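Worksheet: one structure, shown below.
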Amino acid sequence: MNASLKWALIFSALALILLITVDQFICSKWVYHDYAAGIDRRLSCFWKK
């Protein structure tokens, strides 16, 4: 296996782990206050709409 293929596979695996982590722990669990509307809202990720 050449070095560039190995690094591409490592990068793909890390990107997938990051996406899963964000999806499970940040999307729709992080609450922020919308001062313009005066209410609390949940963060929604673009791939879950």
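We number each residue from 1, following the sequence as shown. Worth saying up front: this structure is predicted, and the values here are computed from it rather than measured.
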Let me check something: any side-chain donor-acceptor pairs from residues 2-18 under 3.5 Å, sequence neighbours excluded? List them with distances.
residue : atom : partner : partner atom : Å
N2      : OD1  : L5      : N            : 3.0
S12     : OG   : A8      : O            : 2.9

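Taking both residues in full, the closest heavy atoms of H33 and D40 are given as ND1-OD1, 2.7 Å, listed atom of the first, atom of the second, then distance.
Residue pairs satisfying the salt bridge (Lys or Arg N to Asp or Glu O under 4.0 Å) criterion with at least one member in residues 30-39, sequence neighbours excluded, are listed as follows: D34-R41.
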